[in-house]
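Shown next, in structure tokens, is the structure this report addresses.
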Number of protein chains: 2
Amino acid sequence: MEAKEILKQHITKTAPLTDEQFDYLFTYFKPQSFKKGQVLISEGEKVDHEYFVISGCLKAFFINDEIKMYILQFAMPTWWTSDYGALYNQTKATINIDCITDAEVLCLSNHDREKICSELHQAEHFFRWRTNRGYLASQKRLLSFMNNDTKARYEELLSLYPQLYNLVPKHLIAAYLGVSRETLSRLYNAHK
Amino acid sequence: MEAKEILKQHITKTAPLTDEQFDYLFTYFKPQSFKKGQVLISEGEKVDHEYFVISGCLKAFFINDEIKMYILQFAMPTWWTSDYGALYNQTKATINIDCITDAEVLCLSNHDREKICSELHQAEHFFRWRTNRGYLASQKRLLSFMNNDTKARYEELLSLYPQLYNLVPKHLIAAYLGVSRETLSRLYNAHK
DNA sequence: GTAGCTACGTGATGTATATCACATTCGTAC
DNA sequence: GTACGAATGTGATATACATCACGTAGCTAC
């Protein structure tokens, strides 16, 4: 399925649009391709766009003290990603986003999102719903962080996204779980 | 300032509304008063409303294994709170919300929110913005959880909300930070 | 092929924190 | 006032995890 159709199904599942409305809206999305390792957003730079993932896998991460990396999100197909703090408040990026694999995305500027939201009530509805979904996921992850130990969080992650196990290096999974790569290694070799 | 005026300023800061529009919107908000300790939402029950805090302080929390409590949010004046997962998906509550102090709130049903969002584009805009704000706060807290140690998170919390120190018992602050009350006690008595 | 780099495993050790236990202070009901 | 429960402080011990150190396997460039 091509990018346009993927986005159309994704949006109209939540907010019904006529074909004309969607075609108009789609004119603001720019298709882009990236190679494994390419950087979309880097800390300290200006952030103007958000990205809808068509294929591949991205990671949004934070680097602490130039040493430790924490992964905020693995962005898989039909996920949205950006530094939303920087994007909405027009400040410099505090996180980084790059490609774990080759990836295709649709790129939407902050300005254009606000434009279509104000022009099309249904678009505003869609983005409200999408943000709500992100909020719930974030709350759920926070609770999991407080409530579960590392092993439980590891199993939770892999049961939600089994494809991650073979797609991303283990030290990135550790960075998502917030533990050292050594601890993660010991964890899943323990119950061998 | 009375409740209606507080809500009006809160909303129109983000989404300009005429007086008529706001008066109409406000008819869906029901003022309610609660005493310290009263319960607004409890795990396993149906959730139909969200709450806008006018005065006092509420807590949204999760109980694990009938033993450990984790606080997701202290809801202060001009904050919104509910079990949004249950509210949006029409499922049973998985968290609890009760009053740390006497409190006044404005109560809005899920049905009425969706109604005014579909009737008034500006209302939809407001709720998109509000949810976005919650999402960013949640992400920030998650990052803080991974990145900072307990002492840093304690100081971060108190610098953001200095009034909490005298308002809420220390074991609730511990439950927000995700540490035992003993550890928290030792932390702020250490640097005396 | 070799060199070099990245991912990954694993042992030894240190540390932050949970947990258990008990004491003390404070507020509230009566 | 007294009694009782909730909140808090603090010591002793256990444990999960970080960190450091080192080794190995696999991939890429040349």
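Naming convention: chains lettered A, B, ... in sequence-line order (proteins, then strands); numbering from 1 in each chain.
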Any residue meeting side-chain hydrogen bond (donor to acceptor under 3.5 Å, both in side chains) with B/N96, in chain and number order, not counting sequence neighbours: none

Under 3.5 Å donor-acceptor pairs involving side-chain atoms of residues 22-29 of chain B, not counting sequence neighbours:
from: B/D23; atom 1: OD1; to: B/K4; atom 2: NZ; distance (Å): 2.9
from: B/Y24; atom 1: OH; to: B/Y28; atom 2: OH; distance (Å): 2.8
from: B/Y24; atom 1: OH; to: B/K115; atom 2: NZ; distance (Å): 3.3
from: B/Y24; atom 1: OH; to: B/E119; atom 2: OE1; distance (Å): 2.5
from: B/Y24; atom 1: OH; to: B/E119; atom 2: OE2; distance (Å): 3.4
from: B/T27; atom 1: OG1; to: B/Y24; atom 2: O; distance (Å): 2.5
from: B/Y28; atom 1: OH; to: B/K115; atom 2: NZ; distance (Å): 2.5

Could you run through nucleotides 24-30 of chain C and give me one letter per nucleotide, 5' to 3': B if any protein heavy atom sits under 4.0 Å from the base, S if only the sugar-phosphate is that close, - if neither? -------

Could you tell me which residues satisfy side-chain hydrogen bond (donor to acceptor under 3.5 Å, both in side chains) with B/H121, sequence neighbours excluded, listed by chain and number? A/E124

Only pairs at least two apart or in different chains count here, so list each side-chain hydrogen bond (donor to acceptor under 3.5 Å, both in side chains) that has a residue in residues 29-46 of chain B. B/K46-B/D48

I'd like a table of donor-acceptor pairs (distance under 3.5 Å, sequence neighbours excluded) in which one partner is a side-chain atom from residues 83-90 of chain A, with atom names and distances.
from: A/D83; atom 1: OD1; to: A/G85; atom 2: N; distance (Å): 3.3
from: A/D83; atom 1: OD1; to: A/A86; atom 2: N; distance (Å): 3.1
from: A/D83; atom 1: OD2; to: A/T94; atom 2: N; distance (Å): 2.8
from: A/D83; atom 1: OD2; to: A/I95; atom 2: N; distance (Å): 3.4
from: A/Y84; atom 1: OH; to: A/E50; atom 2: OE1; distance (Å): 2.7
from: A/Y84; atom 1: OH; to: A/R130; atom 2: NH1; distance (Å): 3.3
from: A/Y88; atom 1: OH; to: B/R128; atom 2: NH1; distance (Å): 3.4
from: A/N89; atom 1: ND2; to: A/G85; atom 2: O; distance (Å): 3.1
from: A/Q90; atom 1: NE2; to: A/L87; atom 2: O; distance (Å): 3.3

So the ring-ring contact (aromatic ring centres under 6.0 Å, His included) pairs with at least one residue in residues 38-64 of chain A (sequence neighbours excluded) are A/H10-A/F52, A/F52-A/W80

Atom CD1 of B/I100 and atom C1' of D/dA6: how far apart are they, to the nearest Å? 15 Å

Sorted by chain and number, sequence neighbours left out, side chain to side chain contact (heavy atoms under 4.5 Å, CB included) with A/Q73 holds for A/A60, A/A75, A/W79, A/T81

Given protein heavy atoms under 4.0 Å, the one-letter contact record of nucleotides 13-30 of chain D, with B base, S sugar-phosphate only and - none, is simply ----SSBBB---------

Please confirm whether B/K140 makes a cation-pi placement over B/F145, using NZ or CZ under 6.0 Å from the six-membered ring centre and within 45° of the ring normal. no

A/Y188 side-chain N/O to C/dG9 phosphate OP1/OP2 under 4.0 Å: yes

Nearest heavy atoms of B/P77 and B/G56, plus distance in Å: CD-O, 3.4 Å

Give, ordered by number, those residues of residues 165-177 of chain A having at least one heavy-atom distance below 4.0 Å to an atom of DNA chain D; if nothing qualifies, reply none. none

Mind grabbing the angle between the end helix axes of the helix from C/dG1-D/dC30 to C/dC30-D/dG1? Five pairs an end, 10° rounding. 50°

Hits for side chain to side chain contact (heavy atoms under 4.5 Å, CB included) against B/N166, two or more places apart or cross-chain, chain-then-number order -> none

